[in-house]
Asker: 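Okay, here's the structure, questions in a sec.
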There are 2 protein chains.
Amino acid sequence: MSKNVFSFGGGTSDGDGKMKDTLGGKGAGLAEMCRAGLPVPPGFTIATHVCNIYFDNKKKIPAAIEKEVDAALAKLEQQFGKKLGDANDPMLLSVRSGAKFSMPGMMNTILNLGLNDVTTAGLAAKSGNERFAYDCYRRFIQMFGEVALEIEMEHFDHIFDARKAKAKVKSDADLTAIDLKAIIVDYKKLVKKETKKDFAEDPREQLSLAVGAVFGSWWNPKAGYYRKMEKIPDDIGTAANVQAMVFGNMGDTSATGVGFTRDPGSGEKVFYGEFLVNAQGEDVVAGIRTPLPINELRDVLPEAYDQLVEITTSLEKTYKDMQDFEFTIEDKKLYMLQTRNGKRTGPASVRIAVGMVEEGMITKSEAIMRVAPAQLDQLLHPVFDPKTIKELVKVTTGISASPGAAVGRAAFSSEDAVRLSAGGPVLLIRKETTPDDIHGMDVSKGILTAIGGKSSHAAVVARGMGRPCVVGAGEIRIDEKKQQFTAVVGGKEITVNEGEWVSLDGTTGEVFLGQAKTSSPDLTHDYIGKFMSWTDEFRGKFGVRANADIPRDAQVARQFGAEGIGLCRTEHMFFAEDRLPIVQKMILAKDEASRRAALDELLPHQRSDFAGLFTAMDGYPVVIRTLDPPLHEFLPKREELMVANAVLPFADAKKKKEISKDFNIPVKNLKKDLPALLHRVEELHEFNPMLGHRGCRLGVTYPEITEMQARAIFEAAAEVSKKGVKVLPEVMIPLIGSVEEFENQKAIVDRVAGEVFKKAKKKVHYMVGTMIEIPRAALTADRVAASAEFFSFGTNDLTQTTMGLSRDDYTKFQKEYETAKIFKADPFAVLDQEGVGKLVKFAVDAGRAARPTLEVGICGEHGGEPSSVQFCHKVGMDYVSCSPYRVPIARLAAAQGAIMAGGGGSDTNRTA
Amino acid sequence: MSKNVFSFGGGTSDGDGKMKDTLGGKGAGLAEMCRAGLPVPPGFTIATHVCNIYFDNKKKIPAAIEKEVDAALAKLEQQFGKKLGDANDPMLLSVRSGAKFSMPGMMNTILNLGLNDVTTAGLAAKSGNERFAYDCYRRFIQMFGEVALEIEMEHFDHIFDARKAKAKVKSDADLTAIDLKAIIVDYKKLVKKETKKDFAEDPREQLSLAVGAVFGSWWNPKAGYYRKMEKIPDDIGTAANVQAMVFGNMGDTSATGVGFTRDPGSGEKVFYGEFLVNAQGEDVVAGIRTPLPINELRDVLPEAYDQLVEITTSLEKTYKDMQDFEFTIEDKKLYMLQTRNGKRTGPASVRIAVGMVEEGMITKSEAIMRVAPAQLDQLLHPVFDPKTIKELVKVTTGISASPGAAVGRAAFSSEDAVRLSAGGPVLLIRKETTPDDIHGMDVSKGILTAIGGKSSHAAVVARGMGRPCVVGAGEIRIDEKKQQFTAVVGGKEITVNEGEWVSLDGTTGEVFLGQAKTSSPDLTHDYIGKFMSWTDEFRGKFGVRANADIPRDAQVARQFGAEGIGLCRTEHMFFAEDRLPIVQKMILAKDEASRRAALDELLPHQRSDFAGLFTAMDGYPVVIRTLDPPLHEFLPKREELMVANAVLPFADAKKKKEISKDFNIPVKNLKKDLPALLHRVEELHEFNPMLGHRGCRLGVTYPEITEMQARAIFEAAAEVSKKGVKVLPEVMIPLIGSVEEFENQKAIVDRVAGEVFKKAKKKVHYMVGTMIEIPRAALTADRVAASAEFFSFGTNDLTQTTMGLSRDDYTKFQKEYETAKIFKADPFAVLDQEGVGKLVKFAVDAGRAARPTLEVGICGEHGGEPSSVQFCHKVGMDYVSCSPYRVPIARLAAAQGAIMAGGGGSDTNRTA
């Protein structure tokens, strides 16, 4: 039989820091700290696989394992020098969860285990602090009752609050030992009433129940939700860590705290954390009392502080990463309770990685691998536009807990946040958050709490999610029931109700009323530039382009490091207010001549757009896609026209005016023009527009459209080229299903290019290629590549067609599909490598076999999603293209892909 | 230089019967007949490749080839013993087209070439028949003018009719030589006026122009249309056959005719054909005079008749196929002008093939390969229901020209037929048809003409097309201008206008007023059963199933030889009048409980349907697909509801009643229920329903639907199985994209099966498999096959998704795509082997690799299309499934596929 229980303590341990699979993160950390000779209260870890055994065994720990626990307990008692259940000097235990991956606050913890009427009396006598002992006891009954016996917390709160009222005290700390004893009596009655059994006085029985409760919490709904969100497997289970209790709440020479070896918000190399004197650890983490900055510990308990700094600095060196640690000081003696690689914001992630490279702790490739692309995203969050923010009323300044600016409508519960988020951005505003709020935080743009510090639940989770967050905003009063908060501004009380706009700055802690404008993030920090330059070095020739339709976006894209435009959607130019009427005229044209006349009107607009794009991308390629959407998208909706047309005979003057405005038809012409417009829209109506008359199919049926667009492209290219701009146009034909379609369109493009260049007396090198977005194009890629000079995978549509899944309609059953675990991820966010990816790989290989110089890229939204970017690198694409704001993420993901493939830059020069 | 001109005559020839590529069908036949020593007027063939040279050379025959023509002409003159342009005894020539594949009437012919003022006088003197000579001359000028000089026929007709009027004669035959001379004078004036040149009197110049005109006719629009219809390549060109003229119009000992060695309508082994005394060949073929049956020739010219029978019988033996021949008797001397494998109806095709096997002329596999699957289709045309046809008024009985019953609305021109055919079935009714009517005949269900015989254009083309056809219905008067025909029935004149229903029986020649009911064709003929049994022998294990949704269809399918049901679409059961309200109740249900209640109501209906199917298919498998279409298909249309809802506030009582009726909502409830219904329909609305919430996605979100269907299947199976019926249910899950979806649904099916069998105390063997109709399913076929026991390719949807092409919207640009030659065939009719086929093959291979016993079939409409069936055989499917009426076609196509693959039955036993 394999080992199930692993002891640690007294400078040795059964396990070590590498055994996270078996011991979980916390258990491995404790084992490692023990081995390193650090002051860790002794204990033992029941392995993660026992969690599965527990569930397979009808939620019982098998007797054989209980025997191993007995043995470990005996060893622990021997090392700690106290015994569980000792009437005079009882050892108390903590029982904590600890999975391989950190899941802060998601699972159960039980503290002060081992107390009963007898041992509590002993503890009181031994500590000389009766109040402390009975406070521990009532905490234990409450926690054990909730967690192991599943009694609703509110029942305990009710008893506790009733006693406080009776004793006429406001603070918990003001309750006397007598009050606490009375509470304990009532608690026990509650337990009897709810469980039909007496409270378990036997400490060993308490232990078994507590371990079971910890395992049981693996399948908490909130833990399941967190795992899904963080993509943690369901079947790895949690360990249970049983450890001798030390007490930070034994008076003013005791304290407890948490900290980081560097600032997890900024990444700055400063000792960072919080502590509370005379408190137990849960008080700090739960955010109930607002703790003090850790550097103040130096004044309170200087020796313990120095030892803490020394230990944690050494831990960071051992683990080569920023440590997140917990400690308790029991009567001046420091105990380390936990250490782990700390969670951090995106900026901190980058800054720490860069710092550690510069300090010689890690290599550049390690630094690159250490920053999750999603974290980099946080650097790219918009900040408030400094001008407009000044015009808003500042309500308060809280504690900045997760950086970035967020704007949204106020929601006062997670349920409300979910509901409101369907209609637009939401801010979640809570007194404090609990793990039950995960789903509300997930849908919110930002989080604001009234209490709690930088280590509070809200702060930790928000940073992990990359959501801007302000905590401890104590000046506002939140009434969650009334769904409002009040604040005093300039001497006046103002009330903010559900649905009103609020803006918050997670970097400064400021909270404003109203809807602030945001502007582009600042990527000019030295360390960011350095980090990004390393990613470029490692990704090598693998390019990153941006999808941009207008010159302004192209400029932003360049700033983010885009090396060209991978997709310019010309129809976005068609939708501009001054152009749409011309486009409509073109569509409604009765013959080719009048269609051409309308196209002639459009030509100069398109030309000047292209000139702008070429200029912004001087020296870089610009891929321009010819018109893609079905023409009816440019006209009013069919059903709206049908309704207006049906109502018209009954319409009074007001209604007629309304209809006239809706469809831009003068009232006097309505009777004639409305049915005519409806008729044309009916002609264009499609049952499945996604699979309809669009893409190159438009170009085949209306060659004059392709012709106009090609003319605009080449006239612009010739024009700016004459001004010295280096122009690299790539004309992309969309929705190709066969090489015949491609050749039909290419012939037009080539002919027009020849005509334009001849007239302009200027030749510009260009390519004609195609989007691969229909399975048939991928399947016949060899033939297509014989004619096409480049491929760009349009994975949005390729996903729709390959999976037979309409992106617009998929949401109707997406939830059920996720619940049934049919799709591991949203296939429109993360490229489906098994299905769609197989086609992509096939097409790349077949295309390159037919034309070795074939340029291959991706321009679907997957081009900015890290795992998809790495897939594109793996199958040998030349570049990815994504939205400008995702360019840095793609650069990083590409570098990571290159490193994983064993290629990329050099680690020989460890510092920049 | 390769040889361009091939002489034949006098018992020898440069070419032979195998050289169809070079000489065309007619030229090869003439060469072969000469070699066989048959009496053929000598001549020469200008090769098919010269046609392309002619077009490449700006429509001129190169001088070098003209020299070859000179040489061949000299040889011909020598053989025939007369000279072209001889003033005393001129040789006349025919110049005819002749491509590799027969294209009857599609291209040009010029007869009597070589006549001019001088030679006509010589011909008159030599023949002693002035009228004959000048009739030839005027015919020549007219034909040459039309064909070589492109002068409108009506100008000639105008002159001719004017002279007839002046001469006060009704029949052409009554015109005297003087009349004809006058006509010739006017004809020449016309030529001068239209071409600004004198009529070419030089016979050699006439010859060059005529050969050019024959080549030029290759690109006639009607020839192009015919090639497209018959899938004849554009680039093979036509030969030009120049042959000495012999005259069937030299008096009463001369005749001309056409014939077949067997009846091309029935396949019966009888000498079959028609002739006219004192006529030129064109008179017979053009259907202007109604000819006599060929057996009457025995009485008129017995020696020539006997020689004709002997020669054609021997030709049939030589070519091992029924011959279609042309002959002319010039003053009792028989000349063979043409022989070729004759076109025939479907039934004739089968009967001839079977007959020839029985006569030991061909093998069984040859017989199978000789019947085109499309011809077999003609056997399957419905016939009139004998009861209902009695109630219709019979207008007339014409000549039965192409078998089968047809019902449609009357159209009196090809243009009208095309227009009307958009709205439903059409019959084309013409005095006579010409090659210009091809497109009209193509869109019509049947053809009726007033004049012409079994060899008329209408008859020949209709048989080739498999369209029922009645010709020579002389009792009706057709007024094409007024778009009506009149007939006298029971002494009363009745008028039938455009758009009125007419029914005709191409087998009996009967024509009825009104819309007859049709019933299944009779496949009980001995020779059909024999032939089909041979196909079964050769296709071996490759199965043919039918798509059938209701027991009645299943019975029809069995009669046609279906070996099971390959697709039962359960939703077709849902649409039945008595069930739709229950289905709607199910969809509108507010919760699972009421949805289940509605499903419980549906259960007995489904169960009894399945019981019927199982019983009809006793011993054969029945593949039942679970619910496939999106639920909104069962509800009223969204836009109609929107309009009704918008109009409701203004509606008067009448309008309200209308709305109430439209949506089946009582008037008093409209205000409440109409918006509610609209709301639900809005909820279900999809942008791309084809890619939406349908197929297995319904089963995943509403497992209770799958559950009900599975219950109905297994309860029915257990029930009829107890009665001794052998039941082989195969439950098919539609629209699978991933194995996870499949397993989700399979679990439900298996669970329900277990429950039902336990309760019924009866186990039935069943399979659970899936439709492969989404590219992703094909791409992951290995994983899907690990769980699925069978695949059935749903190539309708697989074509839509693989090509990104909506079947419903494709028609909007289908024409342009065909014109631009982007698709070679309609991909929804003929499987796109290059694209979709690649996926199919991949999935078959991957599926079989994962599960060697995997059953694989096809149930898309391609399952009844011959080339697609052969593809399915080639990639190793187990069966195809198609509509019941196409089962015999699929059986034949499968056998042909097996023979082409070198497998199948045995040819050792030549007769059955």
Side-chain angles (χ1 to χ4, degrees), chain A residues 630 638-640 642-647 649-651 683-693 695 697-698 700-701 735 737-738 740-741 744 773-777 779-780 783 797 800-810 812-813 816-817 820-823 832 834-836 838-839 842, chain B residues 630 638-640 642-647 649-651 683-693 695 697-698 700-701 735 737-738 740-741 744 773-777 779-780 783 797 800-810 812-813 816-817 820-823 832 834-836 838-839 842:
Chain A
R638 170 171 168 263
E639 56 271 33
E640 286 169 9
M642 286 173 80
V643 166
N645 198 51
V647 168
F650 310 104
E683 275 181 357
L684 293 171
H685 172 65
E686 295 182 309
F687 296 96
N688 294 289
M690 158 69 208
L691 308 175
H693 196 180
R697 297 162 189 173
L698 291 174
V700 170
T701 49
L735 215 74
S738 69
E740 287 81 6
E741 283 169 311
N744 176 298
E773 52 188 332
I774 283 184
R776 196 183 189 283
L779 291 165
T780 60
R783 291 195 60 209
D797 280 0
Q800 296 200 77
T801 46
T802 305
M803 306 187 80
L805 199 63
S806 165
R807 186 180 189 159
D808 300 318
D809 304 312
Y810 167 46
K812 293 217 173 99
F813 50 96
E816 283 98 337
Y817 261 52
K821 305 205 173 175
I822 287 170
F823 292 149
D832 160 44
E834 188 187 359
V836 180
K838 197 177 276 180
L839 268 187
F842 176 87
Chain B
R638 171 172 167 262
E639 56 271 32
E640 286 169 9
M642 287 174 79
V643 166
N645 198 48
V647 168
F650 310 106
E683 275 181 359
L684 292 171
H685 173 65
E686 295 182 309
F687 296 97
N688 295 290
M690 158 68 209
L691 308 174
H693 194 180
R697 298 162 189 172
L698 291 173
V700 170
T701 49
L735 216 75
S738 68
E740 287 80 8
E741 282 169 311
N744 175 299
E773 52 187 332
I774 283 184
R776 196 183 189 283
L779 292 164
T780 60
R783 292 195 60 212
D797 280 1
Q800 295 200 79
T801 47
T802 304
M803 306 187 81
L805 198 64
S806 164
R807 186 180 188 161
D808 300 318
D809 304 312
Y810 167 47
K812 294 221 172 94
F813 50 95
E816 283 97 338
Y817 261 52
K821 305 201 174 178
I822 287 170
F823 292 147
D832 161 44
E834 187 185 1
V836 180
K838 198 177 274 180
L839 269 187
F842 176 87

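Computed from a predicted structure; not experimentally measured. Below, chains carry the letters A, B, ... as their sequence lines are ordered, and counting in each starts from 1.
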Asker: In Å, rounded to the nearest 0.5 Å, how long is the span from CG of A:Leu691 to CZ of B:Arg807?
Answerer: 13.5 Å
Asker: Pick one of side chain, backbone, both or neither for A:Glu683, based on which atoms fall under 4.5 Å of a heavy atom in chain B.
Answerer: backbone
Asker: Pick one of side chain, backbone, both or neither for A:Leu684, based on which atoms fall under 4.5 Å of a heavy atom in chain B.
Answerer: backbone
Asker: For the interface with chain B, which of A:Arg783, A:Glu640, A:Lys821 has the highest count of heavy-atom pairs at distances below 4.5 Å?
Answerer: A:Arg783
Asker: So do A:Thr801 and B:Pro775 actually touch side chain to side chain, heavy atoms under 4.5 Å?
Answerer: no
Asker: Flag the one option from A:Ser738, A:Ala820, A:Gly804 with the top tally of heavy-atom pairs under 4.5 Å to chain B.
Answerer: A:Gly804
Asker: For A:Glu639, check side-chain contact (heavy atoms from CB on, under 4.5 Å) against everything at least two apart and list the hits.
Answerer: A:Lys637, B:Arg638, B:Glu639, B:Met642
Asker: Pick from A:Ala777, A:Pro649, A:Gly737, A:Pro689: which one has the most heavy-atom pairs with chain B under 4.5 Å?
Answerer: A:Pro689
Asker: So which heavy atom on A:Ile774 is nearest to which on B:Thr802, and how close?
Answerer: CG2-O, 3.1 Å
Asker: Could you state the interatomic distance from CG (A:Leu805) to NE2 (B:His693), rounded to the nearest 0.5 Å?
Answerer: 11.0 Å
Asker: What pair of heavy atoms forms the shortest contact from B:Ala646 to A:Val643, and how long is it?
Answerer: CB-CG1, 3.4 Å
Asker: Please classify the contact between B:Asp832 and chain A as side chain, backbone, both or neither, with a heavy-atom cut-off of under 4.5 Å.
Answerer: side chain
Asker: Who wins among A:Lys838, A:Glu834, A:Met803 for the most heavy-atom pairs under 4.5 Å with chain B?
Answerer: A:Glu834
Asker: Looking at B:Ser806, is its backbone amide N or carbonyl O close enough to the side chain of A:Asn688 to form a donor-acceptor pair, meaning the two atoms are under 3.5 Å apart?
Answerer: no
Asker: Taking all atoms of both residues into account, what is the closest heavy-atom pair of B:Asp809 and A:Gly692, and its distance?
Answerer: CB-CA, 4.3 Å
Asker: Does this structure show an ion pair linking B:Arg697 with A:Glu816, if we count only N-O contacts that are shorter than 4.0 Å?
Answerer: no
Asker: Going through the distances and angles, do B:Glu741 and A:Tyr817 end up as a side-chain contact (heavy atoms from CB on, under 4.5 Å)?
Answerer: CA-CA 9 Å; B:Glu741 282 169 311; A:Tyr817 261 52; 2.5 Å; yes
Asker: Could you tell me the separation between the CZ atom of A:Arg776 and the CG atom of B:Leu839, rounded to the nearest 0.5 Å?
Answerer: 10.5 Å
Asker: At a heavy-atom separation under 4.5 Å, does A:Phe687 approach chain B through its side chain, its backbone, both, or neither?
Answerer: both
Asker: Side chain, backbone, both or neither: which part of A:Asp797 has an atom under 4.5 Å from a heavy atom of chain B?
Answerer: neither
